[in-house]
There are 2 protein chains.
Amino acid sequence: MTKKRQAYYTCSMEAALNVIGGKWKLTILNRLLTGPKRYGELHRSVKGITEKMLTQQLRELEEDQVIARTIYPVVPPRVEYAFTQSGEKLSDVFKALEIWGSNFQHRINPISGNADHDKSCYVLNEEAQPDQLIHNP
Amino acid sequence: MTKKRQAYYTCSMEAALNVIGGKWKLTILNRLLTGPKRYGELHRSVKGITEKMLTQQLRELEEDQVIARTIYPVVPPRVEYAFTQSGEKLSDVFKALEIWGSNFQHRINPISGNADHDKSCYVLNEEAQPDQLIHNP
DNA sequence: GGCATTTCTTACAAAAAAGTACGTACCGAA
DNA sequence: TTCGGTACGTACTTTTTTGTAAGAAATGCC
């Protein structure tokens, strides 16, 4: 999402989605939930992402003040990314998303457990119980 | 988002984002928060959206069982869209998004009030107070 | 000097999403 | 018989996003 990155929205939710949207943003932020991470760690952790994409998404998140970038003046370079105060507040959104998404998954695909669930993904402690199947009347 | 619409995800959040993501989804769902809406109503309400996009997004939301489509066999046709049970649960996510997005907006652009705020947007009753500005140390 | 390590850039190509423009069906009313 | 209103569908173009591949800087170590 090299998105327009406009500063004005007609709706707060759209603003939020612009920050969170994009193919890798949630996954990256997810990794940061367990604490600050180095560029390389993120790169290994978010599997499939290219360096270009990682850098780009991190820049955007930084621009949106969701994460902060700390450069240690060493060689080879060491750069760490961590949530800002504002970014940490996103955890509420994450929790809601996680709960709903979990239910959604169970509904769409009730058989498969979490067989191929990404272990490095943030998961709620509380068991998010799948709700019953909804049948179209 | 004619997205891949894959059924398996490694992360519930990604699943959720796939349902919610896309340029118009949130806006459309937002409108449905105040009750079932007809196709035409949505078209007028979600300003800027084309009929093709509206139809497409509605189809995807329906496919994901977030909304339900009711056809009344009359002429001219009357079609209504409404949240499913599952879709209604998204309101938690909306609330979290709305709160966070609102704070985000105030932080990014603290001066402008809600001058050009879309009146047909769902807004929380409770005042979402902007948090203080965060300065990069 | 040449190499390794880490964190990025940049130019270019491919894929995905969104937009444009126009067409269709239905049936009652004029 | 043509027209109006509603809810779409479809072919094609444009824009946006993502991916590929390569390079670059800084410095300690062999």
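Computation of the quantities below employed the complete heavy-atom set of this structure, encompassing side-chain atoms and omitting hydrogens, waters and symmetry-equivalent molecules. We name chains A, B, ... by the order of the sequence lines, and we start the count at 1 in each one.
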key: Toward the 5' end of DNA chain D, by each residue's nearest nucleotide, B:Lys52 or A:Trp24   = B:Lys52
message = Rounded to whole Å, please give me the gap between CD in B:Gln56 and P in C:dA16.
response = 14 Å
ask   = How long is the line joining CG of B:Leu17 and P of D:dT17, in whole Å?
value = 14 Å
ask   = CD of B:Glu60 versus P of D:dG9: gap in Å, rounded?
value = 13 Å
For B:Thr50, side-chain hydrogen bond (donor to acceptor under 3.5 Å, both in side chains) partners two or more places apart = none
message = Donor-acceptor pair, distance only, cut-off 3.5 Å: does the side chain of A:Thr34 make one with the backbone of A:Arg31?
response = yes
task = Whole angstrom is fine here: how far is it from CG in A:Leu54 over to P in C:dT7?
result = 10 Å
query = C:dA25 P sits how many Å from B:Ile71 CD1, rounded?
reply = 17 Å
task = Return the set of residues passing side-chain contact (heavy atoms from CB on, under 4.5 Å) with B:Glu41 (not counting sequence neighbours), or none when no residue passes.
result = B:Lys37, B:Arg38, B:Arg44
Contact under 4.0 Å: B:Lys23 side-chain N or O vs C:dG19 OP1/OP2 = yes
query = In the 5'-to-3' direction, what one-character label does each nucleotide of nucleotides 3-8 of chain D receive under the scheme B = base within less than 4.0 Å of a protein heavy atom, S = sugar-phosphate only, - = no such atom?
reply = --BBSB
request  = Rounded to the nearest angstrom, tell me the gap between atom CD in A:Gln57 and atom P in D:dG19.
outcome  = 9 Å
inquiry  = Checking the side chain of B:Thr84 only, and the main-chain atoms of B:Ala68 only, is there a donor and an acceptor separated by less than 3.5 Å?
reply    = no
Value in whole Å for how far the C1' atom of C:dT9 lies from NE2 of A:His43 = 14 Å
task = Kindly write out the residues that satisfy side-chain contact (heavy atoms from CB on, under 4.5 Å) with B:Glu88, not counting sequence neighbours, or none if the list is empty.
result = B:Phe83
Please table the atom pairs, donor to acceptor, closer than 3.5 Å between any side-chain atom in residues 69-80 of chain A and protein atoms at least two apart or in another chain.
from    : atom 1 : to      : atom 2 : distance (Å)
A:Arg69 : NE     : A:Tyr81 : OH     : 3.3
A:Arg78 : NH2    : A:Glu80 : OE2    : 2.9

request  = Send over the distance from A:Met53 CE to C:dA16 P, rounded to a whole Å.
outcome  = 14 Å
